[in-house]
Amino acid sequence: MGLEELVQRVSGFIRDNPNERDCWQKAPALSGLLIWDQEAFRPLAKRWIDRAVATQKSDGNLSYGDWHTSSGGHIRSFTPLASETAAVGAPMLQLFERSRDERYLASAARQYQALLDAPRTSEGGIWSRGEGPELWIDFTYLMCPFMAHYGKLTNDSGPVDEAFKQFRVHVRRLVDPEFHLARHAWCEKPNHFPQSTFWARGNGWLLACCAELLTLAPEHPEAGFVRETYARVLGAMSSMQDASGYFFHVLDDPLSNLEASATLMYAYAAQRAVELGIRVEGHSADALRARALKAFIVVAGSVEPNGKVPGVAMVPGGPGVPFGWTLFGQGFFLLAAHALREHLTDMEV
């Protein structure tokens, strides 16, 4: 099976498995559908985004913003804040650029205001959930690209500055200065890490955020810090890739399972780093691309006939969660496939 057929099947699985009340996991799936821009799936992407707008609450949170429980891991409940619901705002703005439908920009304004109104740590970090003053590394991707893109579209430096501020605060509290890898979650009071492992997908979320910020606002005064973070974390994560091409769910724990979504995020972020000219110590551009291809191809070989991407650690990630499939896993398959497409013309799985 070649790349085109795989993309069709993975996209079809997204279509056949909607999650109406989800407020964030569908965001990478929508971005993946939009970037491939297949005629058969354009109505689907628009319909899902229109539903997110139609279910935007009075407080500005897109797509219901439902409270939800956990499948395991370090939490039992999650009360969404704008830091999570902003995720759907990113593909909404991507669709706005094509359609120029002002409803989407008006909705983005309300979502951005919800971010401004959200509770913060003493350093200004927007809480990840309503349960307390916590910062999670995945929230860099969930909110920062949306804010940067909104600011660019409206010619307002405020949202762009806020995106880079949130990036810096999260990196300060969650990226280990010795190992250059991100931990999962930090709580301000009492000061501790509710989940302290080097969670592979968390590092993938961070790297993907770096790619988006540097694409949207490469000239920003804080872009240099993003580039430095990108290079260090990508280098550290690259050195932990398994011989199979996968990454372990906990990067430095070979007893944890090989995990698909983190591996796809790495493939996407490594290739985007090459395109963006990120220099990673000890890893040439060709070596990074080779690692990205190995990561993507090994996951591509696991895709089921119906298009499901298996082997994804369920939310919230980290030790103790079951494995299955997720919309963001499907989405990052599409995003990585698109980034690497010129190098996958002869791929057969």
Side-chain angles (χ1 to χ4, degrees), residues 22-31 63 65 68 70-75 77-91 115 118 121 125-148 163 166-176 181-187 193-213 226 229-230 233-234 237 247 249-251 259-266 268-269 312-321 326-332 335-336:
D22 162 64
C23 65
W24 71 275
Q25 295 191 44
K26 61 170 67 99
L30 285 164
S31 292
S63 195
H68 46 91
S70 169
S71 61
H74 71 283
I75 64 167
S77 67
F78 195 104
T79 301
L81 297 172
S83 50
E84 182 174 66
T85 59
V88 181
L115 282 160
T121 66
I126 298 174
W127 292 12
S128 296
R129 59 178 182 144
E131 280 77 359
E134 296 176 357
L135 303 181
W136 294 20
I137 197 61
D138 34 337
F139 283 73
T140 54
Y141 181 88
L142 299 187
M143 62 175 162
C144 295
F146 163 75
M147 287 190 284
Q166 292 305 317
F167 181 89
R168 181 177 279 275
V169 170
H170 281 69
V171 167
R172 178 182 179 187
R173 288 300 176 183
L174 288 161
V175 175
D176 188 281
L181 292 169
R183 302 190 188 277
H184 190 160
W186 171 75
C187 179
F193 292 99
Q195 214 297 86
S196 62
T197 63
F198 295 137
W199 172 45
R201 189 165 67 233
N203 284 271
W205 287 119
L206 176 62
L207 290 173
C209 174
C210 291
E212 307 310 330
L213 287 180
V226 176
T229 302
Y230 202 170
V233 176
L234 183 59
M237 189 171 180
F247 288 85
H249 178 44
V250 176
L251 286 169
E259 205 275 338
S261 66
T263 303
L264 292 168
M265 290 174 177
Y266 172 86
Y268 172 73
V312 176
M314 304 302 283
V315 174
V321 301
T326 64
L327 283 170
F328 57 76
Q330 301 291 126
F332 268 97
L335 291 169

Of all the heavy-atom pairs spanning [X] and [Y], show the shortest one and how long it is.
| X | Y | value |
| --- | --- | --- |
| Thr85 | Gly65 | CG2-CA, 4.0 Å |
| Tyr266 | Leu234 | CE1-CD1, 3.5 Å |
| Ala185 | Pro194 | O-CD, 3.2 Å |
| Gly318 | Gln195 | CA-NE2, 3.7 Å |
| Ile126 | Ala118 | CG2-CB, 3.7 Å |
| Met237 | Ala200 | CE-O, 3.8 Å |

I want to know whether Trp136 and His74 have ring centres closer than 6.0 Å. yes

Check for me whether the distance between the ring centres of Trp205 and Phe332 falls short of 6.0 Å. yes

Go through the steps to decide whether Val321 and His249 satisfy the test side-chain contact (heavy atoms from CB on, under 4.5 Å), and finish with yes or no. CA-CA 10 Å; Val321 301; His249 178 44; 3.9 Å; yes

For Glu212, what residues pass the salt bridge (charged side-chain N to carboxylate O under 4.0 Å, His left out) criterion, not counting sequence neighbours?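 Salt bridge (charged side-chain N to carboxylate O under 4.0 Å, His left out) check on Glu212 returns nothing, list empty.
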
Side-chain contact test, heavy atoms from C-beta onward, threshold under 4.5 Å: evaluate it for [X] versus [Y] and give yes or no.
| X | Y | result |
| --- | --- | --- |
| Trp199 | Ile137 | yes |
| Val250 | Pro319 | yes |
| Val312 | Arg201 | yes |
| Pro80 | His68 | yes |
| Pro316 | Phe78 | no |
| Gln166 | Ser83 | no |
| Ile75 | Arg129 | yes |

At what distance, to the nearest 0.5 angstrom, does [atom1] of [X] lie from [atom2] of [Y]?
| X | Y | atom1 | atom2 | value |
| --- | --- | --- | --- | --- |
| Ser261 | Met314 | OG | CE | 10.5 Å |
| Arg183 | Phe193 | CZ | CZ | 6.0 Å |
| Ser128 | Phe139 | OG | CZ | 4.5 Å |
| Thr140 | Leu206 | OG1 | CG | 5.0 Å |
| Asn203 | Phe247 | CG | CZ | 9.5 Å |
| Leu81 | Cys23 | CG | SG | 10.0 Å |

Do side-chain atoms of [X] reach the backbone of [Y] as a donor and acceptor pair under 3.5 angstrom?
| X | Y | answer |
| --- | --- | --- |
| Thr121 | Pro133 | no |
| Glu259 | Ala313 | yes |
| Tyr230 | Ala269 | yes |
| Asp138 | Gly202 | no |

Do Thr79 and Glu131 have a side chain donor and acceptor closer than 3.5 Å? yes

Could you go step by step and tell me if His170 and Cys209 meet the side-chain contact (heavy atoms from CB on, under 4.5 Å) rule? CA-CA 12 Å; His170 281 69; Cys209 174; over 6 Å; no

Test log, rule side-chain contact (heavy atoms from CB on, under 4.5 Å), inputs Tyr141 and Leu207: CA-CA 8 Å; Tyr141 181 88; Leu207 290 173; over 6 Å; no

For Trp24 and Phe328, take the angle between the two ring planes, folded into 0 to 90°, and tell me which bin it lands in: parallel under 30, tilted 30 to 60, perpendicular over 60. parallel

